[in-house]
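To keep things clear, I will list the structure first and then write my remarks on it.
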Amino acid sequence: QVQLVESGGGLVQPGGSLRLSCAASGSIRSINGMAWYRQAPGKQRELVAGIISGGSTNYADSVKGRFTFSRDNAKNTVYLQMNSLKPEDTAVYYCNAVIQSWGLSGVNAYWGQGTQVTVSS
């Protein structure tokens with residue numbers, strides 16, 4: 001069993017900052033990649049930032065220079081530091097991880113439950 005636990009969402013004023021975290025736990029053999037996605041009302045889910053093992057971080061154009069993706073491999077945790085937040089950043093943010101589990105063949109993609117980020121004055 002693999003679980004992704006997210007935290008850090010909430011209400012913030014424009015120009016403010018927020019940090020999201022996502023910790024993976026359970027029967028994990030290896031984590032091949034982790035990422036943050038978001039979905040605003042009426043819009044499709046989009047990739048915000050992500051990384052694969054041994055690769056570089058990719059950011060959506062809309063968040064470059066404002067958001068920073070980081071990871072703590074020892075804790076199987078990733079973070080999304082969000083600065084200079086705009087109302088357009090309002091969305092449900094989801095953690096995604098591609099994980100190879102003990103007892104299962106191949107890899108599977110897991111999703112967190114989502115955390116609401118609202119940017120409003």
Side-chain angles (χ1 to χ4, degrees):
Q1 196 79 12
V2 173
Q3 305 87 37
L4 301 181
V5 180
E6 299 167 305
S7 63
L11 174 66
V12 65
Q13 295 184 350
S17 298
L18 208 60
R19 190 179 79 155
L20 307 182
S21 65
C22 174
S25 63
S27 185
I28 299 172
R29 186 174 186 176
S30 64
I31 299 177
N32 294 341
M34 298 189 77
W36 288 98
Y37 289 76
R38 69 184 181 186
Q39 188 168 24
K43 300 183 67 177
Q44 64 183 4
R45 189 172 299 184
E46 64 176 346
L47 175 67
V48 178
I51 190 171
I52 60 174
S53 295
S56 60
T57 303
N58 297 120
Y59 294 93
D61 289 340
S62 60
V63 307
K64 286 181 179 178
R66 300 188 298 117
F67 290 11
T68 302
F69 177 97
S70 63
R71 59 183 176 180
D72 185 336
N73 291 334
K75 297 181 179 180
N76 288 332
T77 300
V78 295
Y79 306 90
L80 186 67
Q81 179 66 46
M82 304 183 293
N83 298 325
S84 302
L85 283 162
K86 305 174 181 179
E88 305 93 272
D89 296 317
T90 296
V92 178
Y93 284 71
Y94 297 91
C95 178
N96 172 264
V98 177
I99 295 174
Q100 184 179 12
S101 302
W102 293 108
L104 296 176
S105 61
V107 298
N108 291 283
Y110 297 87
W111 292 92
Q113 78 284 357
T115 183
Q116 177 71 48
V117 172
T118 302
V119 184
S120 176
S121 59

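- When all heavy atoms of G114 and V92 are compared, the closest pair comes out as CA-CG1, 3.9 Å.
- In terms of heavy atoms, L47 sits closest to A60 at O-CB, 3.4 Å.
- Note: the hydrophobic cluster containing I99 also contains L104 (ILVMFWY, side chain heavy atoms under 4.5 Å, direct or indirect links).
- The two atoms that bring S56 and I51 nearest to each other are O-CG1, 3.7 Å, heavy atoms only.
- Pairing each heavy atom of A23 with each of T77, the nearest pair is CB-OG1, 3.5 Å.
- Here the side chain of Y59 pairs a donor or acceptor atom with the backbone of F69 at under 3.5 angstrom.
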Derivation and outcome, side-chain contact (heavy atoms from CB on, under 4.5 Å), residues E6 and C22 = CA-CA 4 Å; E6 299 167 305; C22 174; 4.2 Å; yes
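- Contact of the V78 side chain with the C95 side chain is registered, since non-hydrogen atoms from C-beta on lie closer than 4.5 Å.
- Other residues, nucleotides and ligands contribute more than 12 heavy atoms inside 6.0 Å of the CD atom of Q39.
- Separating the CG atom in L11 from the OG1 atom in T118 is a distance of 6.0 Å, to the nearest 0.5 Å.
- Residues R66 and L85 share a closest heavy-atom pair of NH1-CA, 3.9 Å.
- The shortest heavy-atom contact between L20 and M82 is CG-CE, 3.7 Å.
- Rounded to the nearest 0.5 angstrom, M34 CE and Y110 OH are separated by 12.0 Å.
- Between the side chains of S7 and S21, at least one donor N or O sits under 3.5 Å from an acceptor N or O.
- Taking CD1 from I28 and CD from Q100, the interatomic distance works out to 11.5 Å, rounded to the nearest 0.5 Å.
- The aromatic rings of F67 and Y93 sit tilted, their planes meeting at an angle between 30° and 60°.
- Here T90 contributes atom OG1 and R38 contributes atom CZ; the two are 9.0 Å apart, rounded to the nearest 0.5 Å.
- Checked for salt-bridge contact, K64 and D61 meet the test: a charged N lies under 4.0 Å from a carboxylate O.
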